[in-house]
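Atoms within a ligand are numbered from 1 in the order they appear, just like the ligands themselves.
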Amino acid sequence: MTLAFKSFVKNSLLRAGHYGRALRRTRLPGVAVLCYHGVREDRLAPGSIPFQYLHIQASTFESHCRVIRGSCDPISLDDWRAAIDGRATLPDRPVLITFDDGYRSMLTLGAPILEKYRLPAVVFVCTGPMVSRRRLWFDDVAERDGEDAVEAWKSRDYQAWCAECASTSALDEGDPRALMTPAELGTLARAGGIEIGGHTVQHPILARAPASRQRQEIEENLRSIQQWTGRPVRTFAYPNGQPGLDYNADTMAILREAGIDIAFTTRYDFARPDEPPLERSRFLVLDNVSGGELAHRLTYSWPR
Ligand SMILES: [Zn+2]
């Protein structure tokens, strides 16, 4: 079967109510934490920007929200904390929506959809380029040298990376890759239902940096968010997020000291009850995941 045909079948099953019925009989083995990045206008032509697959079409995101509200049990990070502390129990199909990086499209296109379906979410932001109004480094390198060039930079030493990648190009505010301003982040944080988390100042691969620079990247990031939102920051997502590769024991010690109680990786799994609180798993969700595909993965294909 071709991918398009499989997708057609799954979306037909979704419309016929199959996944809804199957999901309501399911108990997930942990929290399904979904990791999104940007949301894009449906009319943005394919291939308009590098890494476009990280920016999900608004209509696709809405179909995900419909599945989550209709057939799962959406939770906030505070609901999860209450369950961890024994003050509450988690529902059978807990789903937590997260967004990484701080793209403005999360606020302009994503937040209204979340509000429509009354879904809580967590947004992890990089504060450096939000202030300087520049591109995130990987968006900049990809624009200049192509997507493949980005991978090579991820394995380079922090100093070399800083010298070459940290000073990025200024951004057109209408670009789909524009980040929120500090004032916009404050608006998002006050809207209710959305918790803001840390994601470093410049999105380096933390494990390539000495502990002192990791501390700077993390503490300055958390300080800025607290200043802009008026709230202490209690959650964090590691840039790139692969356990054993992109962060290390120093990173976790710094987070613990800074008062972070839940941190997220990109290990592709349910966040199971026995996971360390600073190494929670997530499912990266790309733009080729239709509503039917998300429902199929939640019901059958994600690891049990
Ligand atoms: Zn990121």
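Atom CD of Glu143 is surrounded by more than 12 heavy atoms from other residues, nucleotides or ligands within 6.0 Å.
Listed by chain and residue number, Trp137, Tyr158 satisfy the ring-ring contact (aromatic ring centres under 6.0 Å, His included) test with Trp161 (two or more places apart in sequence, or in another chain). Take Phe138 and apply the ring-ring contact (aromatic ring centres under 6.0 Å, His included) test, not counting sequence neighbours, and it matches His203. Partners of Tyr19 according to the ring-ring contact (aromatic ring centres under 6.0 Å, His included) rule, which considers only residues two or more places apart in sequence or in another chain, are His296.
Classification of Glu173 and Arg104 as a salt-bridged pair holds, one side-chain N sitting under 4.0 Å from a carboxylate O.
Distances from the Zn ion (ligand 1) under 2.8 Å pick out these protein N/O/S atoms: Asp101 OD1, His199 NE2, His203 NE2.
Between His18 and Tyr300, the ring-plane angle classifies as parallel under the 30° and 60° cut-offs.
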